[in-house]
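This report refers to the structure that appears directly beneath it.
Only heavy atoms go into these numbers, but all of them, side chains included; no hydrogens, no water, no symmetry mates. Residue numbers start at 1 and run along the sequence shown. When a ligand or atom number is given, it counts from 1 through the structure's own listing order.
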Amino acid sequence: MAHPSLYPCFLGPYGENDVLFEQVLVELLRDHVYWRRNFHPEDPPAIPTAAAQQPEYQAFSARMRRELHALSASLKRSVPFHSPRYIGHMASDLLLPGLLAWMATLPYNPNNVAGDAAPVTLDMEISVGLQLARMLGYPDDERRADCAFGCLTSGGSSANYQALRLALALKAYAPALREALTALGEDLRVPALPDGLRRCNDWTLGNLGTAGVIALQQAWAARLAAAAPAERGRLTAALQAERIETLGSVEYFRRHPALASPWVVVPVTAHYSWPKAMKLLGLGTAQLKRVPEQRMRMDADALDALLEQAAARRQPVLAVVGVLGTTEFGTLDPIDRIVAARERMAAAGLGFGVHVDAAWGGYLATLFRAPDGSLLPHAAVREGFRYFPTRPVYDAFAALAQTDSITVDPHKLGYLPYGAGAFVCRDHRAMALLAEDADYVFERGAAADYRATFRALGRYTLEGSKSGAAAAAAHVAHRVLPLDREHFGRIPRETVQEAERFHDRLAGFAAALADVATVRVPFEPDSNLVCLAINPRGNHSLRAMNRFVGRLYDALRIDAQQPLQAKAFFGSITTLRPEALGPADTARVLAELALDPATLAEAPREEAGEDDRIVILRHTLMNPFLHDTENGIDYPAQYLTYLEMLVRRLLAASPAQAVA
Ligand SMILES: *Cc1c(COP(=O)(O)O)cnc(C)c1O
């Protein structure tokens, strides 16, 4: 690791910071005990001091110790995520401040479903939302009427469900309001609509876009604020009766057929939480429209064409989702082009939200932020890197500020334990549409009550009871390492630099193996994930190559039958599917690897060694200790030496079997 400022940030591959970890943990756990004793010190101990001498007590504690030691023993078969020899999936060592805060909070057991159950950690969660908002370029001043809002979720998947739920609520709101106004014999005017709301049809009202819906909601809030309490209840009930959340989507879309079967547009590389979300919301995976890629990034021209088609056919679109760091390849979609498409299509009468699935890449945004929260210019971000960020990558991050909502996982590149995803919404007022009951606080438009409102967090989230420890961990980690380039950004800086070095070494690696194999990087990496294709020389069959890479992976994966120490390195694999790559890139990759295109099966096959896709090695370079400058050990370089040996050994032992 190059930067000494990172030395105390993690427990370390060798447990180097064990003393620091243990000292603070013991301090904090003792502190917890004092807290218990100080609640009402006059209450005597309920468990007798002599209890520990009783046989039942001793039998219990013996059994507990035995089982805990058995647990500890079996946990040693876990995946060594902390090690720089682990470059497989999206996991690494944990940030010490986050891990300690999490552990220290557990015995207090706060429940962040509501402020009453979490007077301390719920405020921290709201602050974490604002910290993330600032990192992403959203307004983070809670006094602002349009301040962002973010909260923690169990993970990126559930943040994505929340995003889709919000997009649906936004799409369906205005037509419901029109119906309510009609029933009440009133009308409402907003600048965006030249006529009163009641003269607008479903198509117009369903395509207002996020800002348009929020403007309407604010006008309605002003109307409610002017009403007497009894009347306010009547008005609110009239709207509730018409909303999709009340009617259910079947009945709502029956009444508003112009908005039925809306599309959700994602890149072909979208994470599988998106089809799950479509099923969960009853929208159906048939409405999940997958835009093809170019070099594993969403093809913005294809997106434009799809949206033009939707506008021409009056096909409603709920949201367009861009991925900032695909799970399989780490590639980044052109968020700026998606935002531009939203603006252009809005002018053509097609309104939709833009959500960014930045579960993986969200924290890379720290590299683009100055400590004052401003976006750094491209030249300043490039400093210290060889390629990162390319212009398209810079433009994608710069455009985050203009999107409607973002998923980001503190338990990925935020280096926190699992159970910490986050959903961030650009304008907190939109969240009122998700509230579990009529929201008077919002309807009074009380921006000053920002925190009071969200202390009833469970009214807005998919989760009910949820861990306050996760919020404490994220809060403390972000306080110790603020989410800008100078602080937290040092971690991704280190790992992206490592990925660049790794990538640069691959030409030499390919040359070293040229006598026995063809080695290619199928597309340039955008961040710190690097993929590698390897085909034995003389082989032209895709199936044989896939089998060969599968055998390489056998040496690089966790094996429950073998001691951990038998493994030198851990890697992972992924597949390039022709429908994701597109015909041109598929042909290019096959040709570069000297594979016969005729060996690519058209349809998916069930058997192992599928030949309808290209199996490649995948390396996640997120461990902060990949390069040990102290001892002069470069783990990614060692890995390549090991991989070369592995390739040669496999091919030498049984060339026929290796590719059979
Ligand atoms: C990891 C990931 C998810 C899912 O997040 P979980 O925390 O595993 O639920 C969604 N989208 C992308 C792009 C991801 O990388």
Out of His355, Gln162, His271, which residue meets the side-chain hydrogen bond (donor to acceptor under 3.5 Å, both in side chains) rule with Thr407? His355

Considering only NZ, NE, NH1 and NH2 on the basic side and carboxylate oxygens on the acidic side, decide whether [X] and [Y] come within less than 4.0 Å.
X      : Y      : value
Glu125 : Lys466 : yes
Arg337 : Asp301 : yes
Arg588 : Asp585 : yes

How does Thr326 reach ligand 1, if at all, at less than 4.0 Å between non-hydrogen atoms: by side chain, backbone, both, or neither? neither

Using a 4.0 Å heavy-atom threshold (strictly under), name the region of Ser157 that reaches ligand 1: side chain, backbone, both or neither. both

Looking only at protein heavy atoms, which one is nearest to [atom], and what is the separation?
atom                    : result
atom 6 (P) of ligand 1  : Gly156 N, 3.3 Å
atom 4 (C) of ligand 1  : His271 CE1, 3.3 Å
atom 14 (C) of ligand 1 : Lys412 NZ, 2.8 Å

Proximal ligand 1 atoms for [X], defined as those under 4.0 Å from one of its heavy atoms:
X      : value
Thr327 : 12 (C), 13 (C), 14 (C), 15 (O)
Asp357 : 10 (C), 11 (N), 12 (C), 13 (C)
Asp409 : 5 (O), 6 (P), 7 (O)
Gly325 : 13 (C)
Ala359 : 2 (C), 3 (C), 10 (C), 11 (N), 12 (C), 14 (C)
His411 : 7 (O)

Could you tell me how the ring of Phe488 sits relative to the ring of His478: parallel (under 30°), tilted (30 to 60°) or perpendicular (over 60°)? perpendicular

Angle between ring planes, His619 versus Tyr639, binned at 30° and 60°: parallel, tilted or perpendicular? perpendicular

Kindly indicate whether the side chain of Arg455, heavy atoms from C-beta on, has any atom under 4.5 Å from the side chain of Asp123. yes

The residue among Tyr138, Phe454, Phe423 that forms ring pair (Phe, Tyr, Trp, His ring centres under 6.0 Å) with Phe149 is Phe454

